Every structure is written in structure tokens, then in C-alpha cells.
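See below for the structure under consideration.
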Amino acid sequence: QKEVEQDPGPLSVPEGAIVSLNCTYSNSAFQYFMWYRQYSRKGPELLMYTYSSGNKEDGRFTAQVDKSSKYISLFIRDSQPSDSATYLCAIRYSGAGSYQLTFGKGTKLSVIP
Amino acid sequence: KAGVTQTPRYLIKTRGQQVTLSCSPISGHRSVSWYQQTPGQGLQFLFEYFSETQRNKGNFPGRFSGRQFSNSRSEMNVSTLELGDSALYLCASSLDAGLDEQYFGPGTRLTVT
């Protein structure tokens, strides 16, 4: 079982739709949860990060973490064509004086005008 | 403020050769991390440098090495190149160590023939 699983899509939605992107993880030591957005031919860009279970909102984006289920989500409201990109979840764990950052493989999203 | 810059942007090498990639972090950032991105494996952590010291290392063979200079600029070296080393190599910088709030560069596309 991979440490972080993410549905690669592709996911295609009409403009204005609510988008739900999800990852599951296996290591309960994971502590720090992030979402990155990567446009074609660009490096990833940090969208949101959170430590705790629950929701965190930033404009049209909401990150949700459920540590009991080892499940994280990113919701995009009122999706725009400019949101078309690959979205990567990333999870960090710390332990025994070291830490690692593990990425999901990314979900490719297309928002159709 | 200028972003993370990586040079060169594209590189073609022959199997068995070695290659050096360069990364200049955002001014004031002291941590630089390197990642390999491939369609099959996704984004994988190579190593992190902070104050000229390697702080963390991913699960890559010893052919992959790096260093950081006193001005925080970093180089990554891959020796004895293999076809499977063809990938996008991304550098990310952050203020402190810990792989939090990283800012990625555009990457170097390495092709090994």
C-alpha cells in the first residue's frame, strides 16, 4: 500500500461547479497536510496547509482533514477555467529527529468554460 | 522579490555521463530542497539542505548528491546517468528547514539518451 493515494483523474467539470479532490494516507504519524497546484510546465505552488483535523478556508478553497479516517480533501467553489491544473496533496511526518514529505501523484483538473 | 531560479531549464545527456543542476533560492531563504518528478512515480523528495548541511534525504541511490553554498545557492549532481533518471528536477526554497511553505522553481527537464 502506497503511503499517499490520490486519484489521478483526469477530472473535467463545467465552470462554476464545486470540485472535490481527495487523498488517503496510511501513516498515522503524518502531521502536516498541504495542497499544491501545478500548472503545465511550471513548478508546484503551495495553496493551503494545515496541521489539524477539520476545515480550513481560504477564499474559494477549503482544505479538510479527517485524521481518524486518514483522509484529506480540497474543495474548490465556483471553479474557474484558471483553476485547470494538476493538484497534488503532500503530507509530512516527523519522527525520531527526521521528517519526510510525501506527495500524491496528483489529480489533473480541467474546468470547461 | 525574485522567485526560485533553476539552470539550465533543459538538458540532454547520454547514459553514463554526469550532470550538475543549479538552484538559486528566494532571497533570505536558507533551506533548499530537491525533488524528482516523473509521470510514473510522481514527485519524490531527494534531499534538503539548510545552512550548508544536508538535513534530510529521500530514498535515492548515492549517485544523487547535492551541496549548498554559503549564499544558500544549491547544486545537485547525478553521476553515471541512467535512462530512468530522465525527469523534471525541481528545487524548492523556504525560510527555514522542515519542508514547510516551500516555493518551487520551474524545474530542469533532464533527458538521458
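Everything quoted here is computed from the prediction, not taken from an experiment. Order of the sequence lines fixes the chain letters, A, B, ..., with proteins taken first and strands second; residue numbering starts at 1 for each chain.
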According to a hydrophobic-cluster definition based on side-chain heavy atoms being under 4.5 Å apart (Ile, Leu, Val, Met, Phe, Trp, Tyr only), do [X] and [Y] belong together?
X       : Y        : result
B:Val4  : B:Phe50  : no
A:Leu88 : A:Leu101 : yes
A:Phe75 : A:Leu11  : no
A:Tyr36 : B:Leu46  : no

Under 4.5 Å between any side-chain heavy atoms of A:Lys42 and B:Phe104, yes or no? no
Student check: side-chain heavy atoms of B:Gln102 and A:Met34 closer than 4.5 Å: no
Mind checking the CD-OG1 spacing from B:Gln37 to A:Thr86? Nearest 0.5 Å is all I need. 8.5 Å
Find the distance between CG (B:Leu43) and CD (A:Gln38) and round it off to the nearest 0.5 Å. 7.0 Å
Can you name the nearest heavy-atom pair linking B:Leu90 to A:Gly43, along with the distance? CD2-CA, 3.9 Å
Assess whether side chain to side chain contact (heavy atoms under 4.5 Å, CB included) is satisfied between B:Glu101 and A:Leu46, documenting all intermediate values. CA-CA 7 Å; B:Glu101 296 191 61; A:Leu46 181 63; 4.1 Å; yes
[X] atom [atom1], over 12 foreign heavy atoms within 6.0 Å:
X        : atom1 : answer
B:Ile12  : CD1   : no
B:Tyr103 : OH    : no
A:Arg77  : CZ    : yes
A:Phe61  : CZ    : yes
A:Lys108 : NZ    : no

Using distance only, find each side-chain donor-acceptor pair of residues 72-82 of chain B under 3.5 Å and give its atom names and separation, not counting sequence neighbours.
residue, atom, partner, partner atom, Å
B:Ser72, OG, B:His29, O, 3.3
B:Arg73, NH1, B:Ser22, OG, 2.9
B:Ser74, OG, B:Trp34, NE1, 2.9
B:Ser74, OG, B:Arg67, O, 2.8
B:Glu75, OE1, B:Arg67, NE, 3.3
B:Glu75, OE1, B:Arg67, NH2, 3.2
B:Asn77, ND2, B:Val19, O, 3.3
B:Asn77, ND2, B:Thr20, OG1, 3.0

Okay, B:Ala92 and chain A: the region with an atom under 4.5 Å from a heavy atom over there is neither
Neighbours of chain A found in residues 106-113 of chain B - heavy atoms under 4.5 Å: B:Pro106
So B:Tyr35 and A:Phe103, side chain to side chain contact (heavy atoms under 4.5 Å, CB included) or not? Walk me through it. CA-CA 10 Å; B:Tyr35 296 84; A:Phe103 284 82; 3.6 Å; yes
